[in-house]
J.: 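Before we start, here is the structure in question, set down as structure tokens.
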Amino acid sequence: MKYDFKQIEKKWQNRWEATRPFAAENDSAKPKYYVLVEFPYPSGDGLHLGHPRPYTAMDIVARKRRMQGYNVLFPIGFDAFGLPTENYAIKNKLHPSDVTRNNIKRFSEQLKMLGYSFDWDRCVDTTDPEYYKWTQWIFLKLFENGLAYKAQIPVNWCTSCKCVLANEEVVDGECERCGAPVVRREKSQWMLRITKYAQRLADDLDDVDYIERVKIQQRNWIGRSVGAEVDFKTTAGDALRVFTTRPDTLFGATYMVISPEHQLLQKWLADNPDEIKAYQETAAKKSDFERTELAKDKTGVEIKGIRAINPVTEREIPIYISDYVLASYGTGAIMAVPGHDQRDWEFAKKFDLPIVEVVAGGDIEKEAYTDCDNGVMVNSGFISGLPVNDAIATITKWLADKGLGEEKINYKLRDWVFSRQRYWGEPIPIVHCEKCGYVAVTESDLPLLLPNVENYETTETGESPLAAMPEWTSTDCPKCGGPAQRETDTMPQWAGSSWYFLRYTDVANKNALASNKALDYWTPVDWYNGGMEHTTLHLLYSRFWHKFLFDIGVVPFHEPYMKRTSHGMILGEDGQKMSKSRGNVINPDDIIGEYGTDTLRLYIMFIGDFEKTALWSQSAVKGCKRFLDRVWNLSEERVGGGDEYSAAHELAIHRAIKKVGSDIEALKFNTAIATLMSLVNDYYEKAPSRGDLKVLLNLLSPFAPHIAEELWEMQGFDGFAAEQPWPVFDESKTLDAVREIAVQIGGKLRGTVFVAPDSDDETVISAAVADEKIARIIDGKEIVRTIVVKNKLVNLIIK
RNA sequence: GCGGAUGUGAUGGAAUUGGUAGACAUGCAGGAUUUAGGUUCCUGUGCCGCGAGGCGUGUGGGUUCGAGUCCCUUCAUCCGCACCA
């Protein structure tokens, strides 16, 4: 009989659909294990090759855990709110909810075709009112706790999506989704105070097992810097407060710079107001991108008639405005130390300002001396002669004693812009009342349903389509009962995905986002795999929400995910990112049709190091199909003998069990599969027993579950392959009866000899010199030294 | 500029703590079965050399009995952040 993968795969998928063998139990005596993949955005294009790589990897882990006796939760759902669906709906005159329903149906079918052992009974859909009720509920809790607030701020505005973006969504001045230019606009926006959690988001990375690059990237994004805030008196009366990480260089501060948006500029009466105003206007017109592009050439204007006083030198120094100082970081003002900061140095050179050396060792005529952490202070009054570190401590204390400053920690992280001016998102459950201000919708009124609007086209004014529905926006104030207006912006896509993994534990709960019992049992997630592109978006946001939920007693642990791993991208055969315009897209459906799901699963895991980018290779797919054909033929034609391991294969089998098991845990799926291939090659050299075949099917079943089940059934083994215990190995049986020892002469390999395991040095050396070839080389020479590495090699040094 | 990574045959990629480089697969070559092959099986395949042997993990150095692995230098590519004071 031929390996008819089409028929076999359909057969087992139907059986899984009917009997639900992968449903997780909320009551179980087994230990729990929660494996999570990032749920997909159900786009109209269907599943692409980016999905099967992480999903197959985690399916393998989930299946292995079940075989190891765990009660496994391996859920799936759909992150379905969002712009592409809305845009598609507008273009095709459909309703986004219909588009979403169709896309979810298609995605579900495709995911089932891939044979994943998801618990489909726990599927979530973020656009389901029963789901987003709880997204809104969390928002209300954030609002109640002062973590959601509305502010008039300059925001990132995508000119194509006609919508506000979070800082995390802007890449090189462009919209991360559509690539259109992003400009600055003043808008009143809902914000989430993620900055309040900056410290914990950084520190608690120590408590979790994330791959190092994820931790580093999150830490960099949070951008903690320790320094001091210092007040400079000015001749205008007001003190000018600055943030610096280098308070030790205070004696070298020869001028000051404030950002064009600085508050004090509205108050100060300079001698050159027109010049200042003109500069402010030019700066305002520049996008963020332009401001950073012009990094090389510093611009600025002196604020004439007002001067600051350096608190330690007591000298008057000039104040400039320049757009190289950002309003949004620190205090929006700096003390400029041109001797030891390259930007200040460039500005000082251009405007001919004094440059003073305060740390010895550099050449400040040529460039700023910045890499001076181990230097010694000079020209610095009472801290001269101190090493930099001591100087920082001394000056910080001095400032504090005089009431001129204090130690301060700053973060690059900014608050999360949470409003979107689009239709297809969760309505923000807030009303605005003339009398009471912003008031939360009453909890019992949740979910606040998204109304059915006639037209959900974007508006040029930058308002949500919901704003055009007076019958929906007009409401009563929950507090005073007076007339009030609903918030018309919706939540960003990241809202629903910030807590979805909690809902999986108890999907049908009507009274809470999930029961305490379910949360206590299942959370935190044991292993979460997802894309690097979400490191400073979804992953950070959901950690923030989780910490908040922990603080208000909703979840039992302060971190959502115990372990985070990440997969590399799959590029097209030409080494380019797969895209329709390049015409190098591989459709998983086509591969499944031609070679079958098991082949696709196997190839996508065999393609290379899971964590690195990989190039698709159509011909290499065939190798995996060939392997499965060989397994099939083996079972059909070559098996003989009993249920024990045959003597010929025992060693290879114990080794394979060990290697495949540890490789799966270490994400080395490619070498796990190579091990299985080697084992099959062995079985071709010498026919396997039924027992030999059985263990092969056990090891293969997480990777290629359909063929494993079919062969399991055909061989007449009991039960299902997926429900067998994971095979165990005996360490002593993974070792050879004789050891091949490398013989080196002067470090060069000259031959090999065989000795008994753990032979002592003398035995190994005498075996080596007895070897004919070795004897020939050392003939007439003297062995002056020998190095023996037990069971591995011997190195003879001759003269 | 800062941070992170990568560089190994024709190709994708393997190589515990430094210890026989190139597992496994693709491709290619030869052979067998076949009317035929996008089938299957067998053999070979790092480079140079008839051979003994020599040379080989981006470059150049170093440490070591021994380096793909450790240290320094340099080049190239990719990713993240970017005037963050």
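Order of the sequence lines fixes the chain letters, A, B, ..., with proteins taken first and strands second; residue numbering starts at 1 for each chain. The shown structure was predicted, so the numbers you read here are calculated from the model rather than taken from an experiment.
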J.: Please determine whether a side-chain nitrogen of the Lys or Arg among A:R564 and A:E38 lies less than 4.0 Å from a carboxylate oxygen of the Asp or Glu.
T.: yes
J.: Ring pair (Phe, Tyr, Trp, His ring centres under 6.0 Å) with A:Y595: which residues, sequence neighbours excluded?
T.: none
J.: Sorted by first residue and then second, give each salt bridge (Lys or Arg N to Asp or Glu O under 4.0 Å) pair with at least one member in residues 773-788 of chain A; sequence neighbours left out.
T.: none
J.: What nucleic acid atoms does A:G223 come within less than 4.0 Å of, heavy atoms only: base, sugar-phosphate, or nothing?
T.: nothing
J.: Between A:G332 and A:S617, just flag the one whose closest nucleotide in RNA chain B comes earlier from the 5' side.
T.: A:S617
J.: Between B:A14 and B:U26, how far apart are the C1' atoms? Round to whole Å, please.
T.: 14 Å
J.: When you look at A:L634 and A:L696, which way does the side chain to side chain contact (heavy atoms under 4.5 Å, CB included) test go after all the steps?
T.: CA-CA 11 Å; A:L634 199 63; A:L696 171 68; 4.1 Å; yes
J.: Using side chain to side chain donor-acceptor pair (under 3.5 Å) as the criterion, list what pairs up with A:H567, not counting sequence neighbours.
T.: A:N529
J.: From NE2 of A:H340 over to C1' of B:G1, roughly how many Å is that when rounded to an integer?
T.: 19 Å
J.: Suppose you measure atom P in B:A25 against the same atom in B:C41; what distance do you get, rounded to whole Å?
T.: 11 Å
J.: Rounding to the closest angstrom, what is the interatomic distance between B:G27 and B:A5 at atom P?
T.: 35 Å
J.: If I take atom OH in residue A:Y324 and atom C1' in nucleotide B:A85, what distance separates them, rounded to the nearest angstrom?
T.: 8 Å
J.: List the atom pairs, with distances to 0.1 Å, where a side-chain N or O of residues 215-232 of chain A and a protein N or O form a donor-acceptor pair under 3.5 Å, not counting sequence neighbours.
T.:
from   : atom 1 : to     : atom 2 : distance (Å)
A:K215 : NZ     : A:L205 : O      : 2.9
A:K215 : NZ     : A:V208 : O      : 3.0
A:Q218 : OE1    : A:R543 : NH1    : 2.6
A:Q218 : NE2    : A:T535 : O      : 2.9
A:R219 : NH2    : A:D206 : OD1    : 3.1
A:W221 : NE1    : A:E168 : OE2    : 3.2
A:R224 : NH1    : A:Q199 : OE1    : 3.0
A:S225 : OG     : A:Y329 : OH     : 2.9
A:E229 : OE1    : A:R241 : NH1    : 2.7
A:D231 : OD1    : A:R241 : NE     : 3.0
A:D231 : OD2    : A:R241 : NH2    : 3.2

J.: Is the distance between the ring centroids of A:F627 and A:W632 under 6.0 Å?
T.: no
J.: Which protein N or O atoms sit under 3.5 Å from an N or O of nucleotides 33-40 of chain B?
T.:
from  : atom 1 : to     : atom 2 : distance (Å)
B:G38 : N2     : A:E594 : OE2    : 3.0
B:G38 : N2     : A:Y595 : OH     : 3.2

J.: Classify the nucleic acid contact of A:E740 as base, sugar-phosphate or nothing, counting any heavy atom under 4.0 Å across all strands shown.
T.: base
J.: Please report the C-alpha distance between A:K350 and A:D297 in whole Å, then the side-chain angles of each, then the deciding distance to 0.1 Å, and finally whether the salt bridge (charged side-chain N to carboxylate O under 4.0 Å, His left out) criterion is met.
T.: CA-CA 9 Å; A:K350 180 155 175 184; A:D297 198 21; 3.4 Å; yes
J.: Would you kindly give the NZ-to-P distance between A:K625 and B:U26, to the nearest whole Å?
T.: 13 Å
J.: Given pairs defined as Watson-Crick or G-U wobble with both distances under 3.5 Å, what dot-bracket annotation applies to RNA chain B, with ( ) intrastrand, [ ] crossing, | other strand and . unpaired?
T.: (((((((..(((......[....)))((((((.......))))))(((....)))..(.(((..]....))).))))))))....
J.: Determine the interatomic distance between C1' on B:G1 and the same-named atom on B:C71; round to the nearest Å.
T.: 26 Å
J.: Using the 3.5 Å cut-off, write out each protein N or O paired with an N or O of nucleotides 14-18 of chain B and the distance between them.
T.:
from  : atom 1 : to     : atom 2 : distance (Å)
B:A14 : OP1    : A:N670 : ND2    : 3.0
B:U17 : O4     : A:K792 : NZ     : 3.3

J.: With heavy atoms under 4.0 Å as the rule, sort A:T675 into base, sugar-phosphate or nothing.
T.: nothing
J.: Atom NZ of A:K773 and atom C1' of B:A52: how far apart are they, to the nearest Å?
T.: 10 Å
J.: From CG of A:D682 over to P of B:A23, roughly how many Å is that when rounded to an integer?
T.: 15 Å
J.: Please give me the minimum heavy-atom distance between A:V764 and A:I741, naming the atom from each residue.
T.: CG1-CG2, 4.0 Å
J.: How would you label the contact of A:R750 with the nucleic acid (heavy atoms, under 4.0 Å): base, sugar-phosphate, or nothing?
T.: sugar-phosphate
J.: Please give the distance between the P atoms of B:U8 and B:A85 as a whole number of Å.
T.: 37 Å
J.: Which letter, B, S or -, goes with each nucleotide of nucleotides 62-81 of chain B from 5' to 3', with contact meaning a protein heavy atom under 4.0 Å?
T.: ---BS-------------SS
J.: Under 3.5 Å, which protein N or O atoms sit close to an N or O of nucleotides 43-50 of chain B? Give each pair with its distance.
T.:
none

J.: Got a sec, which residues hit ring pair (Phe, Tyr, Trp, His ring centres under 6.0 Å) with A:F703, two or more places apart in sequence or on another chain?
T.: none
J.: Within this structure, what is the SG-CG distance for the pair A:C175 and A:L165, rounded to the nearest 0.5 Å?
T.: 4.5 Å
J.: In whole Å, I'd like the distance from the CD atom of A:Q218 to the P atom of B:G4.
T.: 16 Å
J.: Which value, in whole Å, describes the distance between the P atoms of nucleotides B:G31 and B:A15?
T.: 36 Å
J.: Do A:Y255 and A:F347 have ring centroids that are under 6.0 Å from one another?
T.: yes
J.: For A:F627, which contact category applies under a 4.0 Å heavy-atom criterion: base, sugar-phosphate, or nothing?
T.: nothing
J.: Judged by atom type as modelled, is there a donor-acceptor pair below 3.5 Å linking the side chain of A:H534 to the main-chain atoms of A:L539?
T.: no
J.: Check ring pair (Phe, Tyr, Trp, His ring centres under 6.0 Å) between A:Y197 and all other residues, then give those that pass, not counting sequence neighbours.
T.: A:F544
J.: Within the 4.0 Å heavy-atom criterion, would you say A:L793 contacts the bases, only the backbone, or no part of the nucleic acid?
T.: base
J.: When you compare B:G7 with B:U11, how far apart are their C1' atoms, in angstrom units rounded to a whole number?
T.: 16 Å
J.: Considering every strand and a 4.0 Å limit on heavy-atom distances, what is the contact class for A:N410: base, sugar-phosphate, or nothing?
T.: nothing
J.: Could you note down all residue pairs passing salt bridge (Lys or Arg N to Asp or Glu O under 4.0 Å) where residues 617-633 of chain A supplies at least one of them, sequence neighbours left out?
T.: A:K625-A:D629
J.: Starting at atom CD of A:E367, determine the distance to atom P of B:G1, rounded to an integer number of angstrom.
T.: 12 Å
J.: Minimum heavy-atom separation for A:T56 to A:M605, with atom names?
T.: CG2-CG, 3.8 Å
J.: Would you mind reading off the distance between A:L634 atom CG and B:C41 atom P, rounded to a whole angstrom?
T.: 11 Å
J.: Of the options B:A85, B:U20, B:U26, whose atoms approach the side-chain atoms of A:L749 most closely?
T.: B:U20
J.: Any side-chain heavy atom of A:V743 within less than 4.5 Å of one from A:L793?
T.: no
J.: Does a side-chain N-to-carboxylate-O contact under 4.0 Å join A:D4 and A:K2?
T.: no
J.: On a whole-Å scale, what distance lies between the C1' atoms belonging to B:G37 and B:C50?
T.: 38 Å
J.: Is the glycosidic torsion of B:G38 within 90° of 0, making it syn, or is it anti?
T.: anti
J.: For the residue pair A:T254 and A:P338, establish whether any side-chain heavy-atom pair is separated by less than 4.5 Å.
T.: yes
